[in-house]
Amino acid sequence: MSPADLLVIRAVRQAGPWLAALAATALLGAAAELLLPLALGRTLDALVAGGPGSGRWLTVSALLVVLVAACDATGVLASGVSGARSALWLRRRVVAHTLAVGTAMTRHAAPGEIVTRAGVNVEEAGRTPEAVVTAAALVVPSAGSVVALALIDPWLAATLVAGLLLIVGVLRAFVRRTTAASGGYQQAQGEIAARLVGALAGARTITAAGVEEQEARRVLAPLPRLRAHGLDLWRLQARAGVQAAVVVPLLETAVLAVGGLRLSAGGLTVGELLAAARYVVLGAGLGSAVGYAARLARARSAAARIERLLSVPPPSYGSRPLPPGPGRLDLRGVTVRAEDGATLLRDVDLVVPGGACVAVVGRSGSGKSSLAAVAGRLVDPERGTVLLDGVPLPEIGRRELRRAVGYAFERPALFGETLGDAVAFGQPVHDARRTFEAARAACADPFVRRLRLGYFTPVADAPMSGGEAQRIGLARAFAQAERLLILDDAMSSLDTATERQVARALTGSLGDRTRLVVAHRVATAARADLVVWLEDGRVRATGRHEALWEDAGYRAVFQEPPPPEEDPAQENAAREDRAREDTARENRAREDTAREHTPRHDEARDDRARRDAGAGAPLTGAGEAGTP
């Protein structure tokens with residue numbers, strides 16, 4: 001049994017007592033439908049014979065009809081609730097697992113794809129209880145019909161069994177092909193969602209570039225595949241429906257023909273023939289399972305996509321407590337690779353002294369953000385060990401590690417209902433005093449208090465610039481970190497004065513913890529106790545900023561790269577363009593000089609001279625009132 005099928009079974013079990021209610025109503029309704037033909041046949045025989053028992057059998061028939069209707073109504077409610085409970089369990093598991101895996105999950109699926117699996121695919125898999133129970137309940141009337149016909153006449157039962165075998169073959173082929181087609185359809189859905197999420201993230205860039213139509217075409221590029229798979233699904237269902245529609249009437253005709261022959265031979269009564277006709281309809285009802293089989297096929301395909309997310313292992317945490325310490329960070333032989341195999345960090349050995357402020361500098365792509373990520377275990381290294389106060393990070397408990405390490409990012413995501421909640425996000429207990437102190441250290445307190453609701457302002461309604469959002473993100477990190485504070489380019493949007501104030505807080509009130517700052521500005525590196533200079537994923541040098549500044553390569557990290565040299569052909573072409581422009585300017589100048597010596601221009605010059613001699617008299621223009 002595949003992992004997807006096991007996931008489907010577990011989802012079905014999550015329906016709880018409603019699954020039992022759905023199964024009970026389905027079985028009870030099936031039993032009532034099996035008894036109804038018998039009651040109707042007995043009623044007809046009693047009415048034909050004119051005996052006294054016709055009223056009793058008529059009452060039994062009416063009660064069976066009411067029972068079938070009640071079971072149908074209860075089954076609709078039970079199927080809805082059981083499906084909702086299964087979908088709820090699946091969605092909770094997918095969301096919790098995705099967040100537990102963290103950023104590593106996006107290496108296996110794009111964000112839009114993850115949302116599709118947690119949304120549409122979970123809904124499809126959540127319909128499994130209804131599909132399974134209803135499809136299974138259809139077997140009961142079919143099997144019961146075979147037994148009932150065998151009791152009436154074995155030839156009728158043999159005819160029904162032969163037809164049912166054909167229907168089962170149709171259903172098996174239909175489920176297999178529909179599962180494959182559903183997988184392709186859901187894959188195309190996920191690709192469109194992933195592209196749309198990416199386009200929405202860059203909506204401003206798309207609008208500014210004026211490429212909305214091109215982006216719409218790119219987002220909808222998988223649409224032809226989606227259409228093709230959708231048409232395949234409809235064709236498969238239509239083909240199965242047609243096959244069932246052909247087999248079922250032929251089966252009913254065959255059973256009734258055999259029954260007619262047995263009636264003419266005296267082997268059946270009229271009532272038994274009526275009951276046989278009803279039983280063959282119930283038995284052939286297995287052909288109506290095409291719809292439920294399609295739901296089950298889509299559910300299995302959706303479960304397979306969900307299972308691929310759940311198979312990504314989350315990081316494991318230990319239970320070892322952190323000993324008292326200043327927040328010393330050790331990286332020993334740390335190597336980090338990207339998903340495509342590119343090396344981000346290579347054999348990095350680094351010691352960050354406890355309580356020190358360390359700036360990490362380097363050109364773009366040198367590995368600064370990767371170093372920040374492994375320092376607080378947002379990413380596990382492929383090789384090597386990271387220790388905090390002598391304890392390897394994987395051996396520390398999750399809650400204790402997250403209390404010890406605080407992160408601030410270039411583009412912070414603010415969670416919580418209010419700004420106060422956003423600053424306190426991640427704290428095990430909301431400490432108002434700690435929140436306000438962190439906001440003051442991050443220079444966020446003044447602009448928050450200027451808002452009408454202050455810290456109770458909803459995050460969605462807070463008018464914040466990029467720098468103000470960074471200050472809220474810094475405040476959250478300041479409030480959370482107890483030993484190690486990691487700022488991954490978290491001050492890039494701050495103005496110089498605000499950055500200076502935050503830097504004073506880093507060396508003042510926050511000086512009791514270790515600070516690892518990814519820096520791009522000279523001033524930030526100059527204020528640090530230690531500078532780590534990265535180049536091509538390796539530590540090129542460490543030391544004080546003043547000492548490293550003597551190295552021209554270090555100074556070049558903070559300077560704009562020189563423009564690329566042009567090849568001789570490009571330089572000659574540029575020189576020729578400049579010569580043509582100079583010639584054109586000279587020709588225009590000569591034409592202007594010639595025009596100035598025409599009579600019209602001489603008169604215009606004389607008029608200007610007369611006006612200039614007017615000792616500041618106000619000028620008038622055409623259509624304006626003259627001066628007194």
Got a second to check how far [X]'s [atom1] is from [Y]'s [atom2], nearest 0.5 Å?
X      : Y      : atom1 : atom2 : answer
Thr435 : Leu419 : OG1   : CG    : 11.5 Å
Leu534 : Arg540 : CG    : CZ    : 11.5 Å
Glu395 : Ser319 : CD    : OG    : 9.0 Å
Leu200 : Leu196 : CG    : CG    : 4.5 Å
Arg93  : Leu7   : CZ    : CG    : 6.0 Å

If you look at every heavy atom in [X] and [Y], which pair is closest and at what distance?
X      : Y      : answer
Asp489 : Gln470 : O-NE2, 3.8 Å
Ala199 : Glu215 : CB-OE1, 4.0 Å
Thr498 : Cys443 : CG2-CB, 3.9 Å
Ala303 : Val8   : CB-CG2, 3.5 Å
Asp347 : Thr335 : N-OG1, 3.1 Å
Arg300 : Thr179 : NH1-OG1, 3.5 Å

Keeping the roles fixed (side chain from [X], backbone from [Y]), state whether a donor-acceptor pair exists under 3.5 Å.
X      : Y      : value
Glu410 : Ser492 : no
Arg513 : Phe478 : yes
Ser86  : Ala11  : yes
Asp330 : Val351 : no
Arg305 : Asn121 : no
Glu123 : Ala87  : no
Tyr407 : Gly376 : yes
Arg328 : Gly354 : no
Arg91  : Ala118 : yes

Evaluate the side-chain proximity of [Y] to [X]: yes if any heavy-atom separation is below 4.5 Å, no if none is.
X      : Y      : answer
Val448 : Thr457 : no
Leu309 : Met105 : yes
Ile472 : Phe425 : no
Val405 : Arg377 : no
Pro381 : Leu345 : no
Val101 : His108 : no
Val94  : Arg117 : no
Val197 : Val115 : no

Once you measure the plane-to-plane angle for His545 and Phe558, does it fall in the parallel (<30°), tilted (30-60°) or perpendicular (>60°) bin? perpendicular
Exceeds 12 heavy-atom contacts within 6.0 angstrom, atom [atom1] of [X]:
X      : atom1 : result
Arg13  : CZ    : no
Arg411 : CZ    : no
Asp536 : CG    : no
Glu382 : CD    : yes
Arg92  : CZ    : no
Arg434 : CZ    : yes
Glu213 : CD    : no

Would you please test Arg85 and Gln14 for side-chain contact (heavy atoms from CB on, under 4.5 Å) and show each step? CA-CA 6 Å; Arg85 288 173 64 94; Gln14 298 305 314; 5.7 Å; no
Under 6.0 Å from the ring centre and within 45 degrees of the ring axis: does the NZ or CZ of Arg399 meet both conditions for the six-membered ring of Tyr317? no
Aromatic Phe436 / basic Arg449 pairing, under 6.0 angstrom, 45° off normal: yes
Looking only at the side chains, is there a donor atom on one of Tyr455 and Asp445 sitting less than 3.5 Å from an acceptor on the other? yes
Under a 3.5 Å threshold, yes or no: a donor from one side chain and an acceptor from the other, between Arg337 and Thr343? yes
Of Gln186, Gln189, Glu191, which is the lone residue that meets side-chain contact (heavy atoms from CB on, under 4.5 Å) with Leu226? Gln189
Which of Val360, Val358, Val361 passes side-chain contact (heavy atoms from CB on, under 4.5 Å) with Val531? Answer is Val361
